[in-house]
Amino acid sequence: MDCFDINRLIQTLNPVQKEIVMAPERPTLVLAGAGSGKTRVLTTRIAYLAAKGVNPRGVLAITFTNKAAREMRERLTDMLGIGVGGEVTASTFHSFGLWFLRSFAGLRPGILDDADQTRLLKKLVGAANVQDKRIDSGLIAQVLAKMKDSMLTFEQAIESINPFLAKTRGLALFEIIKAYEAYLKKENLADFGDLLLRPVRLLEQDPGILEQARRRFSHVFVDEFQDINFTQYRLLKLLCQPNRPLFAVGDDDQSIYGWRGANLASILRFEEDFSEPQVFRLEQNYRSTRVILEAANGVIKKNNSRRGKTLWTENTKGSPIQLIEASNEFEEGRMAAEAIQRLINDGKDPGEIAILYRTNAQSRALEEALLGVGIPYLILGGVKFYQRREIKDLLAYLKFLANPCDTLSLYRLAQNPPKGIGEVTLQKLSDLKELVGHDYLTLLTTEMLLSPLKSQAKKLLALGKKLQEMNEGIKNASSLSDGLLCVVNESGLEAALLSKPEREAKERVENLYEMVALARSLEATQGTMELQDYLDHVSLMTDLDQAGSRTGQVLLMTLHQAKGLEFPFVFLVGLEDSLLPHSLCRDLPNQIEEERRLFYVGVTRAKERLFLSLCRYRFGPMGKEPREPSPFLGDIPRELIERVSSPNEGWLSSIVGSSQFSRQTHRG
């Protein structure tokens with residue numbers, strides 16, 4: 001990129017953005033408010049450095065979702081051109097971890113996703129014959145996450161989760177975790193935590209690899225810095241020290257993942273951890289109206305654990321925030337659906353509208369209301385596409401063909417569709433594999449090796465023949481997508497689905513072919529692709545990567561899932577004490593502050609109109625349960641609120657005081 005181009009690019013920035021892009025090359029923290037153009041600043045900074053002579057190949061830019069990484073790459077390509085922009089390593093943390101293991105350690109593990117991890121842990125718990133029902137796959141997954149995301153010992157992890165179990169059942173838990181780690185090593189698998197922990201351990205223990213990595217990356221950028229956990233922070237520090245500048249962009253006011261290990265201290269203590277740091281604030285918002293931003297500022301300023309900033313905008317003032325007061329969750333759904341219908345009648349696309357809630361259970365009444373008036377909707381966070389049964393079945397075949405030692409995948413494909421091969425036979429086959437030292441595909445295609453299994457040998461050989469045909473189909477195909485088509489056809493999955501009277505059978509078959517279509521689209525953008533590359537891509541996809549790609553449907557999701565997204569029209573429902581803040585998050589001040597940040601995130605998703613709603617009662621296990629308004633509602637300046645209540649539900653004023661809100665209208 002020539003000097004004229006970069007100067008023209010910089011001139012489009014506001015003064016603070018321009019100052020950040022042209023700042024000295026030192027450790028930099030950018031406190032970027034919602035909608036303040038942080039991705040633009042980050043990518044323009046990379047382009048600016050490239051114009052100054054920094055080799056783009058030495059730039060590492062990390063974020064949390066594939067969607068955000070893809071947006072980075074697209075912007076850099078637009079700025080620098082395909083050749084130069086494509087040299088920047090822009091990826092998610094997990095994708096980078098997998099790339100690092102291959103590039104610097106020659107390791108290529110298969111990825112154990114969350115669903116398969118749960119299956120494996122259930123199997124190990126069953127084998128351990130632990131009688132204590134508190135020790136289940138969920139608890140062990142929690143311990144593993146603590147150990148890997150926070151770099152804790154087993155003792156520290158279990159003590160932080162359940163001190164009583166640490167004392168009484170610690171040994172049993174530890175034995176299951178040892179068996180789990182041994183299984184991953186034997187099968188050449190890595191869970192998501194390993195994709196970060198293993199690179200950190202390699203950098204800590206191997207000075208040669210550490211030096212190679214530091215020579216490879218001269219500049220490190222990270223987005224969503226407030227969301228990083230301890231292991232991710234350790235990875236960044238290892239890559240950057242002693243003299244490589246870290247450029248971190250984040251917003252402490254949007255730190256909402258403490259429950260899964262996000263460490264807010266990394267953003268609060270930046271100056272203590274890096275020498276000669278510089279800190280900037282991006283406070284001009286380009287997304288929302290002034291009314292929405294005033295509400296957001298009123299809410300978040302009540303938190304103590306924050307660096308402090310105030311969002312402002314040159315946008316219009318906008319409409320008042322509507323507060324819907326309902327009798328119960330069904331009336332709340334009805335009133336929200338009626339408001340959405342009015343927006344649609346005014347010409348708004350349903351795809352511009354989002355309904356956000358604290359817990360997934362709240363979606364039921366909302367769904368009923370939307371169905372009742374015929375408004376199309378999509379729930380984000382239902383069964384994820386890549387976790388659907390038919391997709392997991394197809395992936396089992398593909399994972400096995402990529403790694404014929406994969407026991408979990410063999411167990412699944414042997415029974416989907418059913419082949420008359422039970423778990424007892426599969427366990428004997430697994431024992432035989434350990435005894436003779438061959439992979440499963442070799443065993444299944446060699447009659448002599450299967451002789452100890454006697455009566456089941458014929459069925460196993462038939463399975464082996466089919467798998468070998470698929471293997472050759474992939475190897476001999478002109479493209480990976482053609483090879484996948486062969487697997488779909490030869491596996492029998494399509495025929496098995498269509499033989500069932502399920503109404504959604506056709507849709508499930510279409511999902512299988514969608515996997516082939518995905519391969520074709522990847523080949524169109526990335527060229528020739530290996531099977532393992534395809535599997536890695538699928539394993540690292542999340543449901544958030546599909547959000548925002550649909551039109552014509554109202555989107556329903558939790559507040560946690562909404563982070564990073566924006567919508568012209570947002571309905572934030574269930575604003576009651578015990579829902580937001582959640583009843584499980586009331587014990588410690590830091591938990592209440594995270595709940596307040598969660599509310600703030602919801603408010604700042606809205607661009608044009610914001611609708612808030614709450615109920616006087618909700619139906620629980622014991623019948624009608626009275627509710628009180630969320631205390632966060634009282635932090636919104638009263639002149640910004642327009643109350644909308646059903647004719648008989650002017651109850652809110654009696655709870656929070658009639659002076660709390662200034663306008664009120666009634667709709668039946």
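This one's a predicted model, so the numbers in the text were calculated from it and none came from an experiment.
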Check: L203 and V200 side chains under 4.5 Å, non-hydrogen atoms: no
Ring geometry between F400 and Y440 (parallel below 30°, tilted from 30 to 60°, perpendicular above 60°): tilted
Validation row: V509, K506 side chains within 4.5 angstrom (heavy atoms): no
Atom CD of E530: over 12 foreign heavy atoms under 6.0 Å: no
Side-chain H-bond candidate by donor/acceptor type, E224 with Q226, under 3.5 Å: yes
Side chains of P109 and L189 in contact at under 4.5 Å (non-hydrogen atoms): no
Carboxylate-amine/guanidinium proximity below 4.0 Å for K399 and D116: yes
No-hydrogen, no-angle side-chain donor-acceptor test under 3.5 Å, Y397 and S409: no
Salt-bridge present (K122, D136; N to O < 4.0 Å): no
Residues D113 and Q117: side-chain donor-acceptor under 3.5 angstrom: no
Salt bridge present between E368 and R364 (N-O < 4.0 angstrom): yes
Results of salt bridge (charged side-chain N to carboxylate O under 4.0 Å, His left out) for K146 - residues two or more places apart only: none
Student check: side-chain heavy atoms of V573 and L366 closer than 4.5 Å: yes
Within-4.5 Å side-chain heavy-atom neighbours: M515 and V538: yes
Polar contact flag, side-chain donor to acceptor under 3.5 angstrom, E494-Y513: yes
Residues in ring pair (Phe, Tyr, Trp, His ring centres under 6.0 Å) contact with F93, at least two apart in sequence or another chain: F64
K428 atom NZ, over 12 foreign heavy atoms within 6.0 Å: no
Any donor-acceptor N or O pair under 3.5 Å, side chains Y600, Q254: no
Partner residues of Y534 under the ring pair (Phe, Tyr, Trp, His ring centres under 6.0 Å) criterion, sequence neighbours left out: none
Criterion salt bridge (Lys or Arg N to Asp or Glu O under 4.0 Å) on R618 and E625, from CA distance to verdict: CA-CA 5 Å; R618 281 187 186 269; E625 299 175 354; over 6 Å; no
